[in-house]
Structure formats: C-alpha cells, structure tokens
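Right, one structure below, let's go through it.
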Amino acid sequence: MEAKTLFDKIWDSHVVKEVEGGPSVLYIDLHLIHEVTSPVAFLGLDKRGLKVLRPEKTVATPDHNVPTIDQHLSIKDEMSRNQVEMLKKNCANHGIVYHGLGSEGHGVVHIIGPEMGLTKPGMTIVCGDSHTSTHGAFGAIAFGIGTSEVEMVFASQCVMQPKPKKMRISVNGELNKGVTAKDVALYVIAQISTSGGTGHFVEFAGTAIESLSMEGRMTLCNMSIECGARGGMIAPDQTTFEYVKGRQFAPKGADWDTALAYWKTLKSDDGAVFDTEYFYDAANIEPMITFGTNPGMGIGISQYVPNSNKLTGSDKLTYEKSLKYMGYDQGEKMIGKKIDYVFVGSCTNGRIEDFRAFAGFVKGKKKADNVTAWIVPGSRAVEKQIIAEGLVEILNAAGFELRQPGCSACLAMNDDKIPEGKYSVSTSNRNFEGRQGPGARTLLASPLTAAAAAVSGRITDPREFL
Amino acid sequence: MSYDKFTTLTSPAVPLPIENIDTDQIIPARFLKAVERKGFGDNLFRDWRYDKSNQPIADFPLNQSKYSGKILVGGKNFGSGSSREHATWAVYDYGFRVVVSSFFADIFQGNALNSGILPVVVSPEFLEKIFATIEVDNNSQFEVDLQNQKFTIKATGESADFTINPYKKHCLANGLDDIDYLVDMKEEIAAFEASPHPSFRGA
C-alpha cells in the first residue's frame with residue numbers, strides 16, 4: 001500500500017468529488033463562525049432562498065468586536081453591537097448554536113472549539129478566520145476561509161479547494177529553559193519567512209513537538225498561517241487523546257473506543273513523501289521576539305536588529321520601511337528597549353497554560369509603573385479556571401487585573417487598541433503595521449517574555465529570572 | 001455574490017512596489033464592521049492613503065492622479081495575513097479587476113477569484129518590467145487576456161503567460177460562483193454523508 005501522509009489520509013477521506021481541471025469538493029465536519037466574516041454569507045444565503053444545510057455542524061460565537069470589561073452592559077460601539085446582534089439573529093434563523101457574550105460557552109472561537117471537545121482528530125474544520133489552523137494541533141485538517149467559502153459551507157457543507165502541497169517541519173531535541181511553543185513558532189517563521197509555507201499544508205513533527213502540551217501545540221499550529229501555510233497539523237498521540245477524553249462533545253463509551261482505534265491510525269506512514277521538508281534542532285532556539293512588521297522578522301531575544309547590507313531592491317526598501325515604522329535602527333540590541341504595553345491573550349496564547357506561565361513568572365514581583373497590561377483570557381472557561389487556580393490573586397498582588405474574554409488587542413477591532421507610537425509586547429500572532437491600532441508597534445513574544453517585560457518595563461530575557 | 005464577467009481588459013496600472021502587503025494594510029480591522037458587501041473601497045489601504053486627520057497622503061500611489069486604471073501591481077507575497085474577504089471586496093469596490101504580483105498569499109488568491117478579481121502571477125523579472133514601464137509612462141497600457149491567459153505590456157509587446165485552473169477560469173469568464181455548483185451537487189453530498197466513514201463527522 002502506498003505510504004500516505006497524515007494530511008493525505010484525512011484529505012482523501014473527505015473528498016466528495018474532484019472537479020475536472022479544478023479544485024476538490026471537500027466535505028467539512030465542523031464549521032465555526034464568528035460575527036465578522038459571516039453576515040455577508042448569511043445575506044447571500046437569504047438572497048438565494050437557502051437555509052444552512054447542516055446547522056448541527058455549525059457553532060457560533062462573537063469574539064472580534066467584544067469589549068473585555070463590563071460585558072454585562074450593551075456594546076458601546078454601534079457597528080460592533082450591530083454585527084454581534086446580527087450573528088445572534090442569523091443563528092436563530094438558521095438553528096445554529098450561539099455562544100453569546102457572557103454565556104458559559106463564550107470565548108475566542110479557536111479556544112472554545114477544543115475546550116468543548118468539538119475539535120477532534122481526523123476532522124475537517126473551517127472558519128472564516130485564518131487562525132483556524134489552531135485546530136490542526138489535534139491531527140485535524142483545519143484552515144481559514146473567505147466569506148464566499150463560508151457561504152459555500154452554509155449551503156452545502158463543502159468547500160472547493162485545490163489540494164495543497166505537503167511540508168514537514170521537524171524539530172528534534174529538548175527545548176531550552178524558558179523556550180515555549182510560541183518561540184518555536186517564531187523561530188520557524190524567521191527561518192522560512194512569511195511566505196515559505198505558501199501553497200503547503202504543514203505537519204509539525206519531531207521529539208520537541210511531541211513534548212508539547214495540547215496548549216503548546218495549538219499555539220504552534222495557530223501560527224502556521226504566519227509562514228504562509230494553509231494550516232499546520234500534528235499527529236494525535238496520547239497527549240491528544242487525554243485532552244479530548246471526557247470533554248462535552250467527545251465520543252463516549254463504545255464510540256470512544258471506535259474513535260480511538262481510528263485516531264491511532266492518523267499519522268504519516270514511514271516512507272510517506274513530502275514536497276518540502278525542514279529539520280531544526282531544538283537546542284538552537286532561544287526565547288524569541290520580533291523587531292519588525294511581519295511575524296518573520298523575529299530574532300532570539302539576546303540578538304541585535306539585523307542590518308540590511310545583504311538586501312537589495314524592493315527587499316531592502318521594504319525592510320527599511322519596516323524598521324522606520326518600528327522606530328528601530330539596524331544593529332541595535334533588543335534587550336533593554338523600553339516598552340509601554342503588554343498584551344497576554346488571543347487565540348495564540350489565551351489558554352490556561354499561558355496564564356499559569358505568566359502568573360508563575362510575576363508571582364512576588366510588581367508590574368513596572370510605565371507598563372499598561374491587558375491580561376485577557378481566551379474564553380469563559382479559561383477565565384473560570386484562572387480564578388479556580390488562584391491565579392487572579394497572584395496577578396492582583398503583582399499589580400495586574402484580569403479582563404473578560406475576547407480577541408481584545410490582537411487586532412484593533414474592539415475597544416482595546418494600542419495608541420500610536422507605543423510599543424506593545426504581545427502574545428498574539430501579527431505585528432503588521434497598525435494591527436493593534438493605527439501607528440501601534442507590536443513586538444510578538446511568548447507569555448514568559450511578556451511577563452519579563454511587564455515587570456521590568458523593558459525588553460528582558462525571561463531566562464534571567466528562571 | 002455575482003460579479004461582472006471577465007473577458008479581456010486593457011488598462012493602465014497602479015504601482016505599489018512594496019513587499020508583503022498584508023490584509024491589515026489592504027483594509028484595517030476597524031473597517032470590517034459592516035454587515036453588507038458595500039463601501040469597502042473607501043477604506044482600501046486606509047492607513048497608507050489617509051493621515052490621522054483623514055487627509056490624503058500625497059505620495060501614496062492611489063492619491064496620485066497620474067496613476068489610474070483597473071490593474072493593481074504589488075510587490076511579492078501580496079495579501080498575506082487574515083482570511084478577510086473584505087480585502088478583496090475593497091480592491092474590487094475601488095475599481096480594480098486585476099491584481100498582479102510575483103507571489104500571492106493563498107487565502108487572498110482564493111478570495112480574489114471568488115470576488116471577481118483575477119490574480120495574475122508573473123515572474124519577479126517581469127514584475128520589475130511592469131513597474132519600470134509605469135515609471136516611464138504612467139498611462140502605459142497593459143492587456144489582460146483571460147481566454148489566452150496572457151498579460152501583455154502594450155508599449156513593448158512583451159507578454160507573460162499566467163496560470164489559472166480551468167474551472168475558476170470558466171467561473172470568472174461567466175460571472176459564476178461556486179455556490180451554484182455546490183447546491184447542484186446536493187444528492188452527491190447526501191450520498192457522501194450516508195457512506196460509512198471513519199471520522200465522527202460533527203459528533
């Protein structure tokens with residue numbers, strides 16, 4: 001039998017039809033939706049007089065527009081409020097489960113799916129959101145789609161997609177102290193660039209990847225889109241099965257045994273061929289931080305801003321434009337640079353493990369006076385666990401307050417925006433110009449590096465304190 | 001969403017010789033709050049086009065009257081970042097029908113085709129020639145021939161072939177979208193759903 005990759009196994013089993021000279025018609029097991037990319041799709045459906053074909057395979061929550069304080073009050077911004085209300089109304093019209101603001105199930109869409117056990121190995125999962133790649137951590141094919149495609153899934157439970165190429169990125173060895181999944185992600189993107197994965201679906205493998213918790217794996221797969229890949233995935237193993245077991249929508253009893261037997265087959269066969277392969281040594285990865293305006297512009301925290309000597313033409317112009325926006329010079333050391341904001345949260349680093357790491361670091365220390373910190377749980381469930389584990393007391397004693405769940409300062413769509421010219425060490429996923437607010441300067445990093453910056457007021461190597 | 005049929009287009013082009021133009025530049029998130037597909041062109045490249053007091057930034061190409069046309073030419077890795085189709089809607093609503101680059105991000109490329117925009121991939125060398133041609137003559141004409149999959153610099157007659165899969169080409173040429181196609185597959189999809197399958201679909 002032909003050796004197959006994990007990706008092939010799942011993809012091939014979901015192809016309803018190959019269109020001649022065109023894409024594959026791919027069946028979708030789970031469709032997650034939020035308020036930003038769904039309204040025009042619902043409108044299109046209504047115009048065609050269609051209903052959502054499989055509302056039971058569709059789950060909704062508003063996350064991008066929501067405030068992260070006083071969620072019991074009506075959303076102040078009229079357009080944000082309207083978009084959230086529209087989602088609620090559309091879900092009611094089409095019989096879709098809606099986890100509204102303030103409800104037990106509310107949270108960032110990519111946090112709640114795995115938490116509820118909706119995300120399982122072997123599935124195809126889409127959402128009108130590029131960070132749908134997060135769910136690949138479970139050994140699922142999960143990718144972001146545009147609104148036209150959201151409408152396709154509503155109408156037919158299928159999307160039309162060309163089959164991507166396959167890439168494997170192996171990271172072997174033991175991760176150094178203070179190095180997290182976020183650092184692995186930023187390291188890989190810095191190596192292959194923000195377009196290195198374009199046209200591919202990535203499988204992450206190797207002993208360093210296997211050692212990651214599910215939270216860490218989600219962080220890594222979440223960031224796979226930032227290297228241009230359609231998505232990332234990791235073969236499910238005991239860590240995966242233990243995480244899924246017992247969750248609300250996990251299979252139970254005999255169904256669990258059947259599912260588990262199938263899930264154990266979900267790995268790339270020996271000899272399976274990848275179009276592209278990369279190998280990295282975990283020992284070479286240190287805590288990472290970005291200095292520019294795309295996620296590929298990352299360096300080890302002890303390093304210096306690279307110079308543009310080797311660049312020419314538009315590469316050089318683009319690089320210099322980026323440094324100018326950041327207010328940084330070539331050859332400068334990153335450690336010691338003053339910062340103004342710290343943001344911990346988002347679909348990248350808004351899970352319980354991230355808050356444990358942050359709280360563990362700041363315990364017994366004090367927030368620097370020059371820093372404004374936004375500590376934002378990814379979901380109500382994460383918020384409740386933070387409280388249950390006593391992390392709130394630690395945070396409060398160190399001068400931090402916990403906000404309410406949402407996408408928050410990741411993308412400047414709600415009230416949480418970083419002011420112009422200010423530097424924000426953020427655990428989110430994108431440092432594009434203006435991403436966190438017009439003129440805001442984003443430094444992507446792990447929760448540990450964010451914690452070190454929050455207590456020192458400067459870019460600081462977290463390893464100094466570990 | 002229906003859009004105009006695409007056949008052959010001859011037009012000058014607007015140059016944007018910057019790399020990694022991401023979707024947050026094409027349309028910042030704060031302009032994604034509409035619930036209908038209209039008016040996005042006003043906010044295309046909002047923060048590069050307008051300053052804090054909403055005054056046009058003079059040296060941005062979209063604000064320079066010497067540049068016009070239905071073709072946008074961008075640096076490599078155009079459209080990286082978010083899956084927001086609002087980015088391609090903004091490009092379309094502004095009046096562009098073709099975006100040319102040496103490299104597109106995957107989701108942007110798919111969204112463009114679904115929004116009635118033809119993404120044309122040319123070699124880095126040919127892209128430089130296009131930029132140089134516009135530099136010499138801002139009104140220089142370019143021809144985009146979908147049927148023959150050819151992009152031509154009229155001034156020099158140089159042309160580059162581009163690829164598009166036959167199905168999407170048919171859709172674009174006829175103003176069709178995938179939803180009609182998928183709705184027509186209703187029975188095949190139902191049969192697929194009824195077939196034994198190892199994954200617990202939506203369980």
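In the text below, chain A, chain B and the rest are named by the order of the sequence lines, each starting its count at 1.
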Looking at [options], which makes the most heavy-atom pairs under 4.5 Å with chain A?
options: Ala34(B), Ser80(B), Ser115(B), Pro17(B); answer: Ala34(B)
options: Ser82(B), Ala87(B), Ala190(B); answer: Ser82(B)
options: Gln109(B), Glu128(B), Arg84(B), Lys52(B); answer: Lys52(B)
options: Asp47(B), Ile107(B), Ile164(B), Val183(B); answer: Ile107(B)
options: Leu182(B), Asn165(B), Asp180(B); answer: Leu182(B)

Chain B contacts, top residue of [options] (heavy-atom pairs, under 4.5 Å):
options: Asp315(A), Val36(A), Leu53(A); value: Asp315(A)
options: Lys417(A), Lys321(A), Glu226(A); value: Lys321(A)
options: Gly199(A), Ala261(A), Gly228(A); value: Gly199(A)
options: Ser38(A), Gly296(A), Gly313(A), Cys158(A); value: Cys158(A)
options: Pro162(A), Ser314(A), Gly144(A); value: Ser314(A)
options: Thr318(A), Asp129(A), Thr132(A), Asn414(A); value: Thr318(A)

Do other residues, nucleotides or ligands put more than 12 heavy atoms under 6.0 Å from the [atom1] atom of [X]?
X: Lys186(B); atom1: NZ; value: no
X: Lys165(A); atom1: NZ; value: no
X: Lys5(B); atom1: NZ; value: no
X: Lys51(A); atom1: NZ; value: yes

Can you tell me which portion of [X] sits under 4.5 Å from chain B's heavy atoms? Options are side chain, backbone, both or neither.
X: Arg435(A); answer: both
X: Val25(A); answer: side chain
X: Ser130(A); answer: both
X: Val15(A); answer: backbone
X: Leu266(A); answer: neither
X: Ile145(A); answer: backbone
X: Met86(A); answer: side chain
X: Glu420(A); answer: side chain

Do [X] and [Y] have side chains that get closer than 4.5 Å, going by heavy atoms?
X: Phe201(A); Y: Phe143(A); value: yes
X: Val14(B); Y: Phe96(B); value: yes
X: Thr152(B); Y: Asp145(B); value: no
X: Met152(A); Y: Ile179(B); value: yes
X: Asn114(B); Y: Asp178(B); value: yes

Original post:
Can you tell me how far the CE atom of Met413(A) sits from the CG atom of Asn65(A), to the nearest 0.5 Å?
Top reply: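 That separation rounds to 4.0 Å.
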Original post:
So how far is it from Lys57(A) NZ to Ile28(A) CD1, rounded to the nearest 0.5 Å?
Top reply: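 Rounded to the nearest 0.5 Å, the NZ-CD1 separation comes to 10.5 Å.
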Portion of [X] that has a non-hydrogen atom of chain A nearer than 4.5 angstrom:
X: Phe31(B); result: neither
X: Phe104(B); result: backbone
X: Pro28(B); result: neither
X: Glu19(B); result: both
X: Asn20(B); result: side chain

Do NZ/NE/NH1/NH2 and the carboxylate oxygens of [X] and [Y] come within less than 4.0 Å?
X: Lys129(B); Y: Glu125(B); value: no
X: Arg30(B); Y: Asp77(A); value: no
X: Asp93(B); Y: Arg37(B); value: no

Subject >> Geometric class of the Trp263(A)/Trp256(A) ring pair [parallel <30°, tilted 30-60°, perpendicular >60°] >> reply: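 Rings of Trp256(A) and Trp263(A): perpendicular, as their planes differ by over 60°.
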Original post:
Mind checking whether Trp89(B) and His86(B) have parallel, tilted or perpendicular rings, split at 30° and 60°?
Top reply: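 Judged by the thresholds at 30° and 60°, the geometry between Trp89(B) and His86(B) is tilted.
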Original post:
Looking at Tyr181(B) and Lys17(A), what are the two nearest heavy atoms and their distance?
Top reply: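 Nearest pair, atom of Tyr181(B) first, then Lys17(A): OH-NZ, 3.4 Å.
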Subject >> Heavy-atom pair of closest approach, residues Pro295(A) and Arg430(A) >> reply: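 Looks like CG-CA, 4.5 Å.
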Original post:
Hey, which residues of residues 166-173 of chain B are touching chain A, say heavy atoms under 4.5 Å apart?
Top reply: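 Interface residues of residues 166-173 of chain B: Pro166(B), Tyr167(B).
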Original post:
Listed by residue number, which members of residues 54-78 of chain B have a heavy atom under 4.5 Å from any heavy atom of chain A?
Top reply: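 Hits under 4.5 Å: Lys76(B), Asn77(B).
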**OP:** Please confirm whether Phe154(A) and Phe42(A) have ring centers closer than 6.0 angstrom.
**Re:**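 That pair passes the under 6.0 Å test.
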Subject >> Side-chain donor/acceptor of Thr147(A) to backbone N/O of Thr37(A), under 3.5 Å >> reply: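 Answer holds: yes.
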Original post:
Hey, does the Lys NZ or Arg CZ of Arg46(B) hover above the aromatic six-ring of Tyr50(B), less than 6.0 Å from the centre and inside 45° of the axis?
Top reply: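 The answer is yes; both the distance and angle limits are met.
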